[in-house]
A.B. asks: 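Sharing a structure below in structure tokens format, with a few things to ask.
Predicted model, so just to flag it, every value in this text is computed and none were measured. Each ligand, and each atom within it, is numbered from 1 in the order the structure gives.
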Amino acid sequence: MATAAPVRYQPVIGLEVHAQLLTRSKLFCGCAAAFGAPANTHVCPVCLGLPGALPVLNDGAVEMAVLLALAAGCDVQERSFFARKNYFYPDLPKGYQISQFDRPFAVGGRIDFEVDGEPRQVALLRIHMEEDAGKSLHDGFSDSDRYTYLDFNRAGVPLCEIVTEPGLHAPQEAHAFLVRLRSLLTYLGVCDGNMEEGSMRCDANISLRPEGSRTLGTRTELKNLNSFRNVQRALEYEIARQQEALEAGEEVVQETRLYDADAGVTHPMRGKEESHDYRYFPEPDLLPLVIPQARVEAIRAGLPELPAARKRRFREEMGLPEPVADLLTLERPTADYFEAVAKGCGDPRAAANWITGDLTRVLKERKLDLSASPVPAERLAALIRLMADGTVSGKIAKEVFTAMVEEGKEPADIVAERGLAVISDEDELRAVVEKVLAGSPAQVEQYRAGQTKVFGYFVGQVMKTTGGQASPRLANKLLREALDH
Ligand code: ADP
Ligand code: MG
Ligand code: ZN
């Protein structure tokens with residue numbers, strides 16, 4: 001009896017990403033939006049939901065939100081509306097979250113990314129603005145076995161929620177998309193993209209469908225994904241789990257599942273809520289959000305150069321190979337640093353080599369961010385210039401670089417203090433050459449008998465004697481003179 005070929009399933013993934021906007025104050029009140037303050041110090045009647053307090057929209061948040069929407073190619077809506085999303089949770093003091101529902105401020109758009117160097121893209125459904133909830137603190141207190149504590153500093157902090165189409169088809173694509181999205185957010189300066197601190201959060205929706213089918217399968221929504229890696233891992237686990245269920249003839253239950261990073265598995269948390277569960281209704285305390293076309297155009301004019309354009313420029317104008325340009329443009333501070341070094345030394349390739357090589361290694365060893373680099377861009381540029389003008393050799397430059405990291409000094413000062421400059425004084429070097437030749441009579445004999453290959457040995461000896469500081473050009477010239485005499 002012929003057995004039917006096994007059904008192949010295609011994963012379908014849609015992501016909902018919350019990005020915390022880097023405004024000074026919250027979305028509807030004047031409280032500071034900063035992370036890390038002592039609990040419940042950034043609160044007021046508005047964000048605590050006390051009776052009678054009224055929200056006032058933060059215009060700076062609108063500015064950042066529109067900037068993001070334009071960078072993602074969305075259509076910014078002239079009129080959009082805030083709505084109340086009602087649910088009960090202890091960290092939600094008002095009993096509802098002010099969000100945007102059926103009329104978000106931005107629709108459409110798309111994000112380009114790459115997987116293994118192959119260009120891919122995913123369309124966006126929408127971007128909307130909403131306020132964040134507070135934070136429940138479940139552990140870390142002596143009585144955490146009995147009590148949950150609440151910190152409302154985060155309540156009311158502005159968020160943009162970026163929602164993709166169900167248009168990603170592999171966990172790796174979800175990961176690559178998130179890397180690009182973070183890069184975009186940080187380039188724009190609208191979000192710091194820090195997943196550990198929760199300023200960027202991602203829920204992942206995933207379903208399977210038979211290969212070739214056009215209809216969507218039943219999805220689960222994965223939460224508690226606190227790193228890009230975990231998004232990828234949770235999706236991998238969930239694909240396998242759903243596939244097993246489908247192959248066993250079971251149905252996938254539409255539900256919200258929590259990822260347990262330690263165990264690497266997802267657990268059911270609750271049935272997936274539907275939008276009617278939230279009793280959405282228009283927020284009566286706020287006017288419609290009106291963003292006139294002229295304002296959209298003014299914000300568009302202020303868009304910075306985005307990663308893709310910058311990468312192209314690094315390749316075309318500075319001659320960097322594509323993987324290097326990619327690496328240097330992923331995060332804006334890296335790209336800015338590179339440009340400063342390249343400009344300061346006039347040699348983009350040398351700048352790129354130092355940054356992707358020695359500097360990256362040092363930063364990694366010391367667990368430092370480029371913003372806290374022990375070597376400022378101007379100093380690295382100065383070091384590269386010292387190499388270019390022949391003051392130090394490549395080998396010595398590495399030594400100078402190490403000293404720059406350790407002592408925080410100018411490269412020229414280190415070279416002077418330690419006497420590391422190339423020896424280009426003829427008399428000084430001639431004395432070294434004579435000493436080397438006098439100490440290697442056998443090799444001199446060989447050379448003069450026609451085995452000119454032995455010349456490299458003499459160069460090596462001169463370098464060794466001078467600790468790598470001999471000018472290679474001069475050493476060559478003097479050796480030839482002495483040997484051919
Ligand atoms: P909700 O707000 O209830 O989570 P949405 O319709 O706003 O639902 O969709 C949320 C996300 O889920 C979107 O990113 C969307 O692409 C994705 N999504 C919707 N249906 C599916 C499905 N069947 N499989 C995978 N992803 C889906
Ligand atoms: Mg959702
Ligand atoms: Zn407040």
Side-chain angles (χ1 to χ4, degrees), residues 9-18 23-34 37 40-50 53-58 61 83 85 87 93-94 97-102 104 107-111 122-128 130-134 151-158 161-171 173-174 177-178 181 202-210 213-223 225 231 234-235 238-239 242 246 251-257 269-278 280:
Y9 291 100
Q10 180 193 40
V12 177
I13 300 165
L15 301 179
E16 298 164 278
V17 181
H18 285 93
T23 53
R24 266 199 306 277
S25 54
K26 294 186 180 179
L27 189 53
F28 300 114
C29 62
C31 291
N40 299 308
T41 52
H42 295 330
V43 293
C44 75
V46 174
C47 55
L48 286 177
L50 301 187
L54 289 172
V56 177
L57 180 62
N58 178 344
K85 180 178 182 180
Y87 63 93
K94 294 197 291 286
Q97 176 191 25
I98 303 179
S99 182
Q100 294 194 301
F101 178 50
D102 51 350
V107 298
R110 140 189 149 192
I111 300 287
V122 67
L124 302 183
L125 288 169
R126 58 190 276 162
I127 301 180
H128 67 254
E130 64 185 27
E131 58 176 343
D132 208 344
D151 177 5
F152 291 111
N153 283 348
R154 212 179 62 184
V157 163
E161 180 171 345
I162 302 128
V163 186
T164 77
E165 295 246 20
L168 296 158
H169 298 293
E173 287 190 356
F177 162 81
L178 288 169
L181 179 61
C202 174
D203 297 339
N205 297 269
I206 161 88
S207 62
L208 296 186
R209 66 182 171 198
S213 158
R214 295 279 83 199
T215 45
L216 292 171
T218 305
R219 69 173 147 145
T220 57
E221 180 177 20
L222 310 181
K223 288 189 181 279
L225 308 171
V231 172
L235 284 168
E238 190 60 14
I239 289 170
Q242 291 188 13
L246 293 172
E251 282 188 358
V252 171
V253 180
Q254 173 151 335
E255 64 188 356
T256 299
R257 298 177 69 90
M269 176 168 94
R270 57 169 190 246
K272 170 86 185 94
E273 65 288 335
E274 307 273 350
S275 65
H276 62 248
D277 295 327
Y278 290 118
Y280 277 102

A.B. asks: Can you give me the closest heavy-atom contact between C47 and K26, atom names plus distance?
C.D. replies: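 Smallest heavy-atom distance, with atoms named: SG-NZ, 3.4 Å.
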A.B. asks: Near E165, which atoms of ligand 1 are under 4.0 Å from a heavy atom of that residue?
C.D. replies: 16 (O)
A.B. asks: Give yes if a backbone or side-chain nitrogen or oxygen of T218 is under 3.5 Å from a nitrogen or oxygen of ligand 1, and no if not.
C.D. replies: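 No.
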A.B. asks: What angle, to the nearest 10°, do the atoms SG (C44) and SG (C47) form about the Zn ion (ligand 3)?
C.D. replies: 110°
A.B. asks: Between N153 and V43, does a side chain to side chain contact (heavy atoms under 4.5 Å, CB included) hold up when you go through it step by step?
C.D. replies: CA-CA 6 Å; N153 283 348; V43 293; 4.2 Å; yes
A.B. asks: What is the ring orientation for Y87 with Y278, classed by angle as parallel under 30°, tilted 30 to 60°, or perpendicular over 60°?
C.D. replies: perpendicular
A.B. asks: For G217, counting its heavy atoms only, list the atoms of ligand 1 lying under 4.0 Å from any of them.
C.D. replies: 23 (N)
A.B. asks: Identify which one of L178, T164, L124 satisfies the side-chain contact (heavy atoms from CB on, under 4.5 Å) criterion when paired with V17.
C.D. replies: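 Considering L178, T164, L124, a side-chain contact (heavy atoms from CB on, under 4.5 Å) with V17 is found only for L178.
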A.B. asks: Looking only at heavy atoms, is any part of E16 under 4.0 Å from ligand 1, and if so is it the side chain, the backbone, or both, or is it neither?
C.D. replies: side chain
A.B. asks: May I ask you to list the atoms of ligand 1 that are less than 4.0 angstrom from any heavy atom of V163?
C.D. replies: 13 (C), 14 (O)
A.B. asks: Heavy-atom contacts under 4.0 Å between L15 and ligand 1: side chain, backbone, both, or neither?
C.D. replies: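 Under 4.0 Å from ligand 1, L15 contributes backbone atoms alone.
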A.B. asks: Between atom CD of E131 and atom CG of N58, what is the distance when rounded to the nearest 0.5 Å?
C.D. replies: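 Reported value, rounded in 0.5 Å steps: 12.5 Å.
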A.B. asks: Measure from atom 5 (P) of ligand 1 to every heavy atom in R219, E221, R126 and give the option owning the shortest one.
C.D. replies: R219
A.B. asks: Among E255, E238, R257, find the one that has a side-chain hydrogen bond (donor to acceptor under 3.5 Å, both in side chains) with T220.
C.D. replies: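 Filter result, single survivor: E238.
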A.B. asks: State whether the shortest distance between N or O atoms of P166 and N or O atoms of ligand 1 falls below 3.5 angstrom.
C.D. replies: yes
A.B. asks: Checking the N or O distance criterion of under 3.5 Å, is ligand 1 in contact with L216?
C.D. replies: no
A.B. asks: Within the 4.5 Å heavy-atom criterion, are V122 and R110 side-chain neighbours or not?
C.D. replies: no
